[in-house]
Every structure is written in C-alpha cells, then in structure tokens.
Amino acid sequence: MTHNATHCLLRLYEEHRALEDYQGGVPRWCNGCGDNAILTAVQRLCRDENLRPEKTVFVSGIGCSSRFPHYMKTYGFHGIHGRALPLAEGVKMARPDLHVFVNTGDGDNCSIGAAHWIHAIRYNMNLTMLLHDNHIYGLTKKQASPTSPIGTKSNTTPRGAYLEALNPLTVTLGVQNVSFVAQAVDWIPEVLYDIVSAAFHHKGFSFVRVIQRCPEFMPGAFDTWLNDTQKTLLLTHDHGIRPSVALGKLYRNQLQHDPSDINRAREIASGEDPIPVGILYRNPAVPCYEEIRGAGRQRTPEMVRAGLEAEFDKFTVWPENRPAAA
Ligand SMILES: Cc1ncc(C[n+]2csc(CCOP(=O)(O)OP(=O)(O)O)c2C)c(N)n1
Ligand code: SF4
Ligand SMILES: [Mg+2]
C-alpha cells in the first residue's frame, strides 16, 4: 500500500467519531433529570452527523440545564444568566462556519433573557436552540418561572403561582421571521432525537422546546402525560416527524400536520390537552441575518483599527493647529 493510500485510510478511520468523542465531563444532574435525555439525544446527533468537535460550540446561560456545555467534548461557553442567545449570535456572526447550539432553561430564557429571545427569532441566525423547560428554576432550588402552571407552589409563590403560564410555542410563533418551531418531551427519545436532528438541519433559527422532568423540585408534574399516551398529540407529516411503527402503536393520538402552515401551527401550539409533540412550523426561505450582513468577512486587526480610527475622526474636535492631512 502506498504512503498516500495508508494516509487516506488513517484519516477515514480517525474521522469516524464515536459517542465517547462527544462525551465531556460526568453530568452532575439529579437521577431522573430530563436533561440527561436531552444530552444523550444531542451526543447521538453529533456522532451521527460526525460533527467535528473543534467546529462545534454549545452556548448556555445559567441554570441546571445551562451546565450542558461542560458535558460535551466540543467548544462551549457557559455564559451569564439570560444571555445565551446574544453570546451565540456573536459566535455565529464571527464564525458562520461553526455549528452553534444554545441550551437554556425556562427561567434563563423566558424571564431574564426574554428580550434576547424575541430578537433572536427575528434575526433568524442559523442556530439550534434547545429550551429545557422544567417549569421551574431548578438550580436556585424551586422558584416559579414564567412557564410554571398557575397554582404551582414554590419558594416565591408559597400560596401557588398567580398567573397563567406563558406558552413558549405561541410566543415564538408570533414573532416576525420565525422559521422553525418544534416541541419534544424528554421521555420519548425517538421523537426527541428526530426533532433535534430536524432542528440541526434547518437553515435558520430553530427553536425547540423540550418539556423536561425535574424530579427534584417538580415531582409528578408531567405524570398526566406520562401515564396516558392519549394525552400526547403526535404531529406527523412527510415534512415533519415520521414515527416508527412501534411508536405509532403506542401513541395513537396523531395528527397529520403540514409544518408550512403557520396559522394551523399557532392553533395547535395553543392546545395543552393533549400536548402537541412534533414539528409545528418550518420555513427555510426566511433569510438569515448573518447572510444579509455578510458575517465572517475576513478583516485583519489593522483593518478593524483603521475603521475605528476613521469613525472616531468624524467626531474629533481638531485644535487650531490641526496637522495637515498626510
Ligand atoms: C443576574 C442573575 N440573576 C439571578 C441569578 C440566579 N439564578 C441562577 S439560575 C436561575 C434560574 C434558572 O432557571 P432555569 O433557567 O429554568 O434553569 P434550570 O435550573 O431549571 O435548568 C437564577 C434565577 C443569576 N445567576 N444571575
Ligand atoms: S434540580 Fe431538577 S433540573 Fe436541576 S438537575 Fe435536579 S432534576 Fe435536573
Ligand atoms: Mg427551569
């Protein structure tokens, strides 16, 4: 065998990655925490897509769910509370060639980070966002979040949450330029994987809400859906999720939904009993901000400095003896 052929074979061998190639630190989440299922789905996706770890970034805010980047053997940025999206947008703007994922919680994204969320939808950058929605602030030990159902007893609402919960699906579907919205649950791994995969392949901002169990602070909160498969409305379509025969037999409450129909998506998103699971909306034709703005143009530090100097010069008050322009 020639040297070149050996080299090619070695490269092929090296470039086929296994699950372990994406497994970072040992997760510190509680036993039974739905975040574990989300991590598994994402690691499987990375392996199946053979993503290059050095070309993949996970960006998060603060919360139990936001510990996600530590558990991936890729690049990562464990950011500050509510700011996962602008950080991820900065990464994508500077390096559009990277695969950028965002992991955020219902508190992180829907409370302190809500303004960034709205604008991220409108900017439609090519990012995959996973909203780990356990209906509670987990890391800080049980405060009500915007998605806590009315009546939820917590440290901040000892007599029960006063307000109707915010619906992240209808919010997202209401914003200009929305291009991908899906809902998964941590306890149906097949659909969770298919949705994460569809979101990854979507060109634009893909918003995935994953209903995530928190046995520590919300025990039993999702039992209605877990105990009765009829309470789940599985959205199926040739352009959406196509469940396996076995899953189809288990989840018989199904609806053929064309994800290009935004009005129908909004109607379905409003329903909570049964809970819709699948792809609600997809429109790959919405332009991405980084393309409109020509992100990633190669600029040397000298070019950046010269551009800044020129901007500052516009506002300079020159002394009487202004030096003659060179
Ligand atoms: C500016 C700021 N305010 C408040 C906090 C405290 N804090 C940390 S995580 C968190 C809520 C996390 O909830 P969520 O995003 O739902 O994540 P989970 O732990 O449930 O995964 C809060 C309020 C903080 N770290 N920084
Ligand atoms: S507190 Fe809840 S969200 Fe946090 S790790 Fe434990 S089970 Fe998961
Ligand atoms: Mg939470």
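We count ligands from 1, going down the list as the structure has it; atoms in each ligand are counted the same way.
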Which residue owns the protein heavy atom closest to atom 14 (P) of ligand 1, what's the atom, and how far is it?
Gly107 N, 3.4 Å

Which atoms of ligand 1 sit under 4.0 Å from any heavy atom of Gly138?
18 (P), 19 (O), 20 (O)

Would you kindly say whether Asn124 and Ser179 are connected by a side-chain donor-acceptor distance under 3.5 Å?
yes

Among all protein non-hydrogen atoms, which one is nearest to atom 13 (O) of ligand 1, and what is the separation to 0.1 Å?
Tyr137 CA, 3.5 Å

Does ligand 1 come near enough to Gly63 that some N or O of the ligand is less than 3.5 Å from an N or O of the residue?
no

Does atom CD of Glu54 have more than 12 heavy-atom neighbours, drawn from other residues, nucleotides or ligands, at distances under 6.0 Å?
yes

Polar-atom distance check: Ile136 versus ligand 1, any N or O pair below 3.5 Å?
yes

Within 6.0 Å of CZ in Phe200, more than 12 heavy atoms from elsewhere
yes

For ligand 2, which atoms, with element, lie under 4.0 Å from some heavy atom of Phe217?
1 (S)

Asp21 with Lys73: basic N within carboxylate O range, under 4.0 Å:
no

Any atoms of ligand 1 less than 4.0 Å from a non-hydrogen atom of Asp108? List them with their elements.
14 (P), 15 (O)

Select the closest option to atom 18 (P) of ligand 1 among Ser148, Cys64, Gly105, judged by heavy-atom distance.
Cys64

Aromatic rings Trp187 and Trp225: how do their planes relate, parallel, tilted or perpendicular, breaks at 30° and 60°?
parallel

Minimum non-hydrogen distance to atom 1 (C) of ligand 1, winning option of Thr140, Asn109, Ile112, Thr104
Ile112

Please report the shortest heavy-atom distance between Tyr281 and Asp261, naming the atom on each side.
CD1-C, 4.4 Å

Specify whether His119 and Tyr123 have parallel, tilted or perpendicular ring planes, treating 30° as the upper limit for parallel and 60° as the lower limit for perpendicular.
perpendicular

To the nearest 0.5 Å, tell me how far Lys142 NZ sits from Thr157 OG1.
8.5 Å

Basic-acidic side-chain contact under 4.0 Å: Lys203, Glu291
yes

Pair Lys314 + Glu311, salt bridge at N-O below 4.0 Å
yes

Would you call the rings of Trp29 and Phe68 parallel, tilted or perpendicular, taking 30° and 60° as the class edges?
tilted

Closer than 2.8 Å to the Mg ion (ligand 3), do we get an N, O or S atom from Asn134, backbone or side chain?
yes

If you have a sec, work out which protein heavy atom is nearest atom 3 (S) of ligand 2 and how many Å separate them, to one decimal?
Asn134 ND2, 3.4 Å

Geometric N/O contact Asp106 with ligand 1, under 3.5 angstrom:
yes

Is Gly105 close enough to the Mg ion (ligand 3) to have an N, O or S atom under 2.8 Å?
no

Can you tell me how far the CE atom of Met72 sits from the CD atom of Gln43, to the nearest 0.5 Å?
5.0 Å

Got the closest protein heavy atom to atom 2 (Fe) of ligand 2, with its distance?
Cys214 SG, 2.3 Å

Counting backbone and side-chain atoms alike, is an N, O or S atom of Cys33 positioned under 2.8 Å from atom 8 (Fe) of ligand 2?
yes

Side chain, backbone, both or neither: Cys30 near ligand 2, heavy atoms under 4.0 Å
both

Answer yes or no: are there more than 12 heavy-atom neighbours, outside Glu164 itself, under 6.0 Å from its atom CD?
no

Can you tell me which residue and heavy atom of the protein come closest to atom 4 (Fe) of ligand 2, and the distance to 0.1 Å?
Cys64 SG, 2.4 Å

Any carboxylate oxygen within less than 4.0 angstrom of a Lys/Arg side-chain nitrogen, looking at Arg264 and Asp258?
no

Note: heavy atom closest to atom 26 (N) of ligand 1, options Arg67, His81, Gln212, belongs to His81

So if I count the atoms of ligand 2 from 1 in the order they appear, which ones are less than 4.0 Å from some heavy atom of Pro215?
7 (S)

Near Ser65, which atoms of ligand 1 are under 4.0 Å from a heavy atom of that residue?
17 (O), 18 (P), 21 (O)

Would Asp133 count as a contact for the Mg ion (ligand 3), in the sense that one of its N, O or S atoms lies under 2.8 Å from it?
no

Work out which heavy atom in Asn167 is nearest to a heavy atom in Leu169; give both atom names and the distance.
OD1-N, 2.9 Å

For ligand 2, which atoms, with element, lie under 4.0 Å from some heavy atom of Trp29?
5 (S)

Enumerate the atoms of ligand 1 whose separation from the nearest heavy atom of Ile62 is less than 4.0 angstrom.
8 (C), 9 (S), 12 (C), 15 (O), 25 (N)

Atoms of ligand 1, numbered as shown, that sit under 4.0 Å from any heavy atom of Leu139:
9 (S), 19 (O)

Heavy-atom contact under 4.0 Å between Gln212 and ligand 2?
yes

Nearest N/O/S atom of Asp106 with respect to the Mg ion (ligand 3), by atom name, please.
OD1

